[in-house]
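Because the structure is predicted, anything quoted here is derived from the model rather than measured.
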Amino acid sequence: PISLDIDTSVVPNMLYIGERGAQRISRIDINGNNYQIMVTDAIGVRDLELDLKNRKIYWVRNAYADCAVVRASMDTVDTSIEELYHTTYNYDYMGIAVDTKNEQVFWTRAGGSISKCKIWRMGFDKTGMTAIFEYPDFYMSKPWDIEVFNDSLYFSDTGLHKDNVY
C-alpha cells in the first residue's frame with residue numbers, strides 16, 4: 001500500500017487503501033473484515049483522499065508520461081470513474097487533498113527539478129485550475145503530501161508548511 005484514508009461516516013469505519021503495485025484501490029473495515037476492491041484499474045495511484053460529503057474517492061495517478069487527478073464512487077465498484085485533469089508530460093503528482101466546504105481539489109507536482117514543483121487547485125466542477133504555489137515565487141524542493149483543514153492548506157516537502165489559501 002502507498003496511501004490510506006478512513007471513512008469515519010460509517011460503522012464500522014472503512015479503511016481505503018491505494019495499492020500502487022496491484023494498481024487498485026480497495027477498502028476493508030477497521031476490524032479487518034469485508035475486504036473489497038473498489039477501483040480495479042488505478043494504475044499509478046500515488047495518494048488518495050476521501051470526500052465523505054459527496055461519497056467520492058480522489059487520487060493522483062503518477063505513471064510516467066500519464067499523470068492525472070481522478071475520482072470515483074466510494075460506495076460502488078468501478079463506477080463514476082472520472083479524470084478531472086490529465087497530462088502526458090512526465091510529472092510527479094504526489095499528494096492530493098479535497099476541500100468539500102469550498103468544493104476544491106488540490107494536488108502537488110514534485111517534478112524532476114525544483115523549477116517544476118507546483119501546488120495546483122481546481123474546482124470539483126473542473127473549473128478554475130491554477131497553480132497556487134510554484135517555484136521560484138515560493139521555494140519548494142519536492143512537495144510530497146498535502147491536507148486542507150479549516151481553510152488552511154498544509155503541505156510537506158523538506159519541512160512542513162501552512163498557508164491560508166482563501
Side-chain angles (χ1 to χ4, degrees), residues 1-8 13-28 38-39 41-52 56-72 74 81-124 126 128-166:
I2 194 163
S3 54
L4 304 168
D5 204 353
I6 299 175
D7 180 357
T8 57
N13 295 160
M14 297 295 289
L15 179 66
Y16 283 73
I17 306 159
E19 300 177 70
R20 188 169 175 84
Q23 301 181 357
R24 65 185 175 211
I25 296 172
S26 58
R27 72 179 180 185
I28 191 167
M38 298 305 296
V39 180
D41 192 23
I43 297 168
V45 62
R46 174 67 74 169
D47 191 21
L48 65 84
E49 194 79 19
L50 301 178
D51 172 355
L52 302 180
K56 298 285 185 183
I57 308 166
Y58 283 78
W59 71 94
V60 285
R61 179 173 65 225
N62 180 356
Y64 305 104
D66 183 20
C67 297
V69 177
V70 188
R71 70 179 162 205
M74 283 178 59
I81 298 172
E82 177 184 14
E83 286 186 349
L84 279 73
Y85 177 75
H86 177 257
T87 183
T88 56
Y89 289 104
N90 189 15
Y91 295 134
D92 288 331
Y93 289 177
M94 305 301 285
I96 191 164
V98 294
D99 176 0
T100 56
K101 175 182 160 192
N102 296 295
E103 296 188 342
Q104 297 184 45
V105 59
F106 298 83
W107 69 97
T108 64
R109 182 181 89 186
S113 68
I114 290 171
S115 64
K116 293 182 181 178
C117 294
K118 293 184 180 187
I119 295 178
W120 294 93
R121 175 179 63 203
M122 179 173 45
F124 284 180
K126 303 182 192 179
M129 182 176 150
T130 186
I132 57 170
F133 296 110
E134 63 184 295
Y135 182 87
D137 298 326
F138 188 86
Y139 180 80
M140 294 178 288
S141 62
K142 279 214 182 253
W144 291 97
D145 202 8
I146 188 168
E147 293 295 331
V148 175
F149 182 72
N150 286 342
D151 291 335
S152 292
L153 184 70
Y154 295 84
F155 62 95
S156 63
D157 59 357
T158 55
L160 179 65
H161 303 274
K162 174 189 174 197
D163 205 302
N164 295 325
V165 293
Y166 305 105

Report the C-alpha separation of Thr88 and Asp66 in whole Å, then their side-chain angles, then the decisive distance to 0.1 Å, and conclude whether the side chain to side chain contact (heavy atoms under 4.5 Å, CB included) test is met.
CA-CA 5 Å; Thr88 56; Asp66 183 20; 5.7 Å; no
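- Listed by chain and number, the residues in a side chain to side chain donor-acceptor pair (under 3.5 Å) with Gln23 amount to none (sequence neighbours excluded).
- Side chain of Asp99 to backbone of Lys101: a donor-acceptor contact under 3.5 angstrom is found.
- At least one side-chain heavy atom of Asp51 sits less than 4.5 Å from a side-chain heavy atom of Tyr58.
- Met94 is not listed as a side-chain neighbour of Trp107, based on a closest heavy-atom distance of 4.5 Å or more.
- Counting only heavy atoms from C-beta outward, the side chains of Ile146 and Leu153 approach each other to under 4.5 Å.
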Could you go through the side chain to side chain contact (heavy atoms under 4.5 Å, CB included) check for Glu49 and Glu147 one step at a time?
CA-CA 9 Å; Glu49 194 79 19; Glu147 293 295 331; 3.2 Å; yes
Would you sort out whether Val98 and Val148 count as a side chain to side chain contact (heavy atoms under 4.5 Å, CB included), showing the intermediate values?
CA-CA 7 Å; Val98 294; Val148 175; over 6 Å; no
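- The aromatic ring centroids of Phe106 and Phe133 lie 6.0 Å or more from each other.
- Judged as a side-chain contact (heavy atoms from CB on, under 4.5 Å), and not counting sequence neighbours, the contacts of Asp41 are Ile43.
- Listed by chain and residue number, Arg61, Val70, Glu83, His86 satisfy the side-chain contact (heavy atoms from CB on, under 4.5 Å) test with Ala68 (two or more places apart in sequence, or in another chain).
- Checked against side-chain contact (heavy atoms from CB on, under 4.5 Å), Asp47 has the following partners two or more places apart in sequence or in another chain: Ser3, Val60, Ile96, Asp145.
- Here the side chain of Asp5 pairs a donor or acceptor atom with the backbone of Leu50 at under 3.5 angstrom.
- Legend: residues meeting side-chain contact (heavy atoms from CB on, under 4.5 Å) with Thr87, ordered by chain and number and at least two apart, are Cys67, Tyr85, Tyr89, Tyr91, Tyr93.
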Could you go through residues 14-21 and list every donor-acceptor pair under 3.5 Å that involves a side-chain atom there, pairing it with any protein atom two or more places apart or in another chain?
from: Tyr16; atom 1: OH; to: Arg27; atom 2: NH1; distance (Å): 2.9
from: Tyr16; atom 1: OH; to: Met74; atom 2: O; distance (Å): 2.7
from: Glu19; atom 1: OE1; to: Arg24; atom 2: NE; distance (Å): 3.4
from: Glu19; atom 1: OE1; to: Arg24; atom 2: NH2; distance (Å): 3.3
from: Glu19; atom 1: OE2; to: Arg24; atom 2: NE; distance (Å): 3.1
from: Glu19; atom 1: OE2; to: Ser26; atom 2: OG; distance (Å): 2.6
from: Glu19; atom 1: OE2; to: Tyr35; atom 2: OH; distance (Å): 3.3
from: Arg20; atom 1: NH1; to: Gly44; atom 2: O; distance (Å): 2.8
from: Arg20; atom 1: NH1; to: Val45; atom 2: O; distance (Å): 3.3
from: Arg20; atom 1: NH1; to: Asn62; atom 2: O; distance (Å): 3.3
from: Arg20; atom 1: NH2; to: Asn62; atom 2: O; distance (Å): 2.8

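- Listed for the Thr108 side chain is a donor-acceptor partner under 3.5 Å among the backbone atoms of Gly95.
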Kindly determine whether Lys56 and Phe124 satisfy side chain to side chain contact (heavy atoms under 4.5 Å, CB included), including the steps that lead there.
CA-CA 11 Å; Lys56 298 285 185 183; Phe124 284 180; over 6 Å; no
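- In this structure Asp7 satisfies the salt bridge (Lys or Arg N to Asp or Glu O under 4.0 Å) test together with Arg55, sequence neighbours excluded.
- Under the salt bridge (Lys or Arg N to Asp or Glu O under 4.0 Å) criterion, Glu82 pairs with Arg71, Lys126, sequence neighbours left out.
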